[in-house]
2 protein chains.
Amino acid sequence: MGTAATVYDVAERSGVSIATVSRVYRQPESVRKQTRERVLGVARELGYVPSGNARGLASRSTGVLGLCFPDYADPGAEAEASEAGESDDDAMLYSDQIIRGMERAARRNGYALLIAASLEEGPEGLVHKVAGRVDGFAVLAGTVPAGELAAIARRMPIVVLAGPGGERRTDLLDHVEVANEDGQEEITRHLIEEHGVRRPAFVGAGAESPDGEARFRGYRRALLAADLPAPSEPDLRVGMMTRAEGARAAEILLDRAGGAPEAIVFANDQMAVGALHALEGRGVRVPEDVAVTGFDGIPLGRLVRPGLTTVRQPMRQLGEEAVNLLVGRLNGGLAGERVSKVLPVSLVRRQSCGCGTAPR
Amino acid sequence: MGTAATVYDVAERSGVSIATVSRVYRQPESVRKQTRERVLGVARELGYVPSGNARGLASRSTGVLGLCFPDYADPGAEAEASEAGESDDDAMLYSDQIIRGMERAARRNGYALLIAASLEEGPEGLVHKVAGRVDGFAVLAGTVPAGELAAIARRMPIVVLAGPGGERRTDLLDHVEVANEDGQEEITRHLIEEHGVRRPAFVGAGAESPDGEARFRGYRRALLAADLPAPSEPDLRVGMMTRAEGARAAEILLDRAGGAPEAIVFANDQMAVGALHALEGRGVRVPEDVAVTGFDGIPLGRLVRPGLTTVRQPMRQLGEEAVNLLVGRLNGGLAGERVSKVLPVSLVRRQSCGCGTAPR
DNA sequence: GTGAAAGCGCTAACAT
DNA sequence: ATGTTAGCGCTTTCAC
């Protein structure tokens, strides 16, 4: 690569000072038209591109918003890729949707978007790489230790996505999540009220997953409201929430002592889809013998047979809200009060719950 | 936001020089463990985050790769959103796939990814914003005037995606594209040889679309090879390549003087899907009355009935190759010779061409 | 309207 | 192993 042309080069060649060159870009109006055009001409000729770094250093702002997500933002993505073959390309991952939402919103606000997935590094890791180059950023919950975030949050706005709800309000972090609890309650109630389910089972995530726990709470709330026995723990917990785990979970529940449940409520779609396969393999009919529901609203849920009844999360909007929050802070608004936003989810009724079939 | 802590603050509080603070981050090994930990402690305590800008300025590199794409990277995306309702969320756009591919590859190479869609700005526009903040970047063909790119390419590696093939080799730009011509030839040959089509029609893009033209060349080549009459122009050209346009095109071809074609070969999937709807609306059976093919391999093509026979483009891989090229250049390799890479595409046989149905 | 000069926060020789 | 010293390329008062 040739050596970079700088303000100095441009200034010299066009017979003005570097200050004027700078002005041509920052406040074109403040430079006489004739001078401006001369400078611009030379700039083009030299292939001059203002250094974003120098600019940022001098003006203390970058015009960039960031997004950090875990190396593994999508439960079962890898597993899916290997199982499903060609469908790998089709699957829209969470991170993709969030990225898209953020990119659009950032663009509207004149920002670019810097994305980075974790990948262990030096002393302080991923966040610093991002934090050092943006005006503010969003983090998928769990990507970064809360302590680190809190420290950085003193310098720039940060919004946590999809993380712990009203709980650990220890910090200055803004927060956007979807209504996990409400959504799970609604879908469970649907099972109970519309399909007469009275002995469902819940397959959840590890207790360390905030989303998983919130969903279980919603599930439980629905049972309680219907005067059904509500266990204090999920019937089953799995580690990865993959299709494979979902299939395994279905097998286990089918074979368990108390008899098979009337419905299996999964904490995400991946598992539910895995279960659908496993159930079909064993000749168990869905929804006639057992109803199945998921959570997330992945595209695959529409392709499987029977179609998966689930709760759709507005991931795109999540990204957009994150940007709105960041931009708001950057513009000086919202100074102070920590914001925590919950986006509504929606029930998607397909066939796996019993809809479109004779009532049980 | 509180005021930023700098190397100076950290250095002072931990009783070392700024050089040592810097070393703690750049080459941890070169600092005595005890010192290092003290510095790190103070850093954390102060909420210190190295300024990426200052870093970049001093070291002339950012650790970031960029991607520029047009505000409108996806043919028919907007149209699709309004027509299809809920499917908006599901559709995996080109840009999404490229982004995903680039992000993964970038991550593997220790880079973060900066993405920005065009949006008119100051004197020099989008590219400069990106170019000033990255070590190299990819551009979707047509996003940026070739002249600007050429100028910037003197400073940093640039790779053009999906653009003009071997043609305008005026510059230092590397280049990655998919085998448009080969793919279109193959699918056309398939129609001719497997399904006995002898009077197909081609619906292409405007002549300014390099992809569209390449596809038409492939189509033509297949006709020529089969000793069929090969027109020098597409039977129809449309502006936007949307579903609506595809539907309209189908109507026109059906009604045209010479009689309906045996097959309609569309230059992209969006149009083909639109045509499928229109045809069904008119009671024309696909593939019995007329075969239909697309190009791209969008997920929707698998959902429609009949399933759309098409050519799949490896967009993900396109992003990955772009990063590989960039990283290669940055590591000093490839110095000089302009690289132009063509990725193979693959034929996806579904039902719209006549496969899985009685031969015509 | 334009120039001069002082940083912005860090890295990278070069000393010690 | 650690400190000193120059810049890196730009923005930004403050003069002229």
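Just so it is clear: chains get the letters A, B, ... in the order the sequence lines come, proteins before strands, and each one is counted from 1.
Between A:E45 and A:R13 there is a salt bridge, since a side-chain N of the basic residue sits under 4.0 Å from a carboxylate O of the acidic one. Note on B:R329 versus B:D174: salt bridge recorded, some NZ/NE/NH1/NH2 to OD/OE distance being below 4.0 Å. At a threshold of 4.0 Å, the pair B:D96-A:R100 counts as salt-bridged, since one of the basic side-chain nitrogens sits closer than that to a carboxylate oxygen.
In this structure, CG of B:L57 is placed 10 Å from C1' of C:dT11, rounded to the nearest angstrom. If you measure from atom CD of A:E29 to atom P of C:dT2, you get 13 Å, rounded to the nearest angstrom. Rounding to whole angstrom units, CD of residue B:Q27 and P of C:dA13 are separated by 10 Å. For B:R36 and D:dA1, the CZ to C1' distance is 12 Å, given to the nearest whole Å. Taking atom NE2 of residue B:H128 and atom C1' of nucleotide D:dG9, one finds them 15 Å apart after rounding to whole Å. Atom CD of B:E37 is separated from atom C1' of D:dA1 by 16 Å (rounded to the nearest Å). Per the geometry, OH belonging to A:Y48 stands 13 Å off C1' belonging to D:dC8, to the nearest Å. Summarising the geometry, the separation between CG on A:N53 and C1' on D:dT11 is reported as 14 Å, rounded to the nearest angstrom.
The side chain of A:S22 has D:dT12 as its nearest neighbour among D:dT12, C:dC8, C:dC10. Nearest to the side-chain atoms of B:S59 among the listed nucleotides C:dA12, D:dT2, D:dG7 stands C:dA12. When distances are taken from the side chain of B:R23 to each of C:dG9, C:dA13, D:dG9, the shortest belongs to C:dA13. For A:I18, counting side-chain heavy atoms from C-beta on, the closest listed nucleotide (C:dA4, C:dA12, D:dT11) is D:dT11. Distances were taken from every side-chain heavy atom of A:T6 (C-beta onward) to each of D:dC10, D:dT11, C:dT2; the shortest belongs to D:dC10. Here the side chain of B:T35 is nearest to one of D:dT2, C:dG3, C:dA12, namely D:dT2. In this structure, of D:dA1, D:dG9, C:dC10, it is C:dC10 that holds the atom nearest to the side chain of B:A54. Listed candidates were C:dG3, D:dT12, C:dC10. Nearest to the side chain of A:V16 is C:dG3. Distances were taken from every side-chain heavy atom of B:V7 (C-beta onward) to each of C:dT2, C:dT11, C:dC10; the shortest belongs to C:dC10. Relative to the side chain of B:R32, the nucleotides C:dG9, D:dT12, D:dT2 differ in distance, and D:dT2 lies closest.
Using a 4.5 Å heavy-atom threshold, the side chains of B:V339 and B:V176 count as separate. Counting heavy atoms from C-beta outward, B:V327 and B:L65 have side chains that approach closer than 4.5 Å.
To the nearest 0.5 Å, atoms CD1 (A:I99) and OG (B:S95) are separated by 11.0 Å. The structure places CZ of B:R32 at 13.0 Å from CZ of B:R23, a figure rounded to the nearest 0.5 Å.
In this structure a side-chain-to-backbone donor-acceptor pair under 3.5 Å is present from A:S14 to A:V10.
A close approach under 4.0 Å does occur between a side-chain nitrogen or oxygen of B:S17 and OP1 or OP2 of D:dG3. Considering only side-chain N and O atoms, B:R60 lies nowhere under 4.0 angstrom from the phosphate OP1 or OP2 of D:dC8. For D:dT12, the OP1/OP2 oxygens have no side-chain nitrogen or oxygen of A:Y25 closer than 4.0 Å.
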(message) Pairs counted only when both distances fall under 3.5 Å, Watson-Crick or G-U: show me the 5' to 3' dot-bracket for DNA chain C, [ ] for pseudoknotted crossings and | for other-strand partners.
(response) ||||||||||||||||
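One can find a donor-acceptor pair under 3.5 Å joining the base of C:dC10 and the side-chain atoms of B:Y8.
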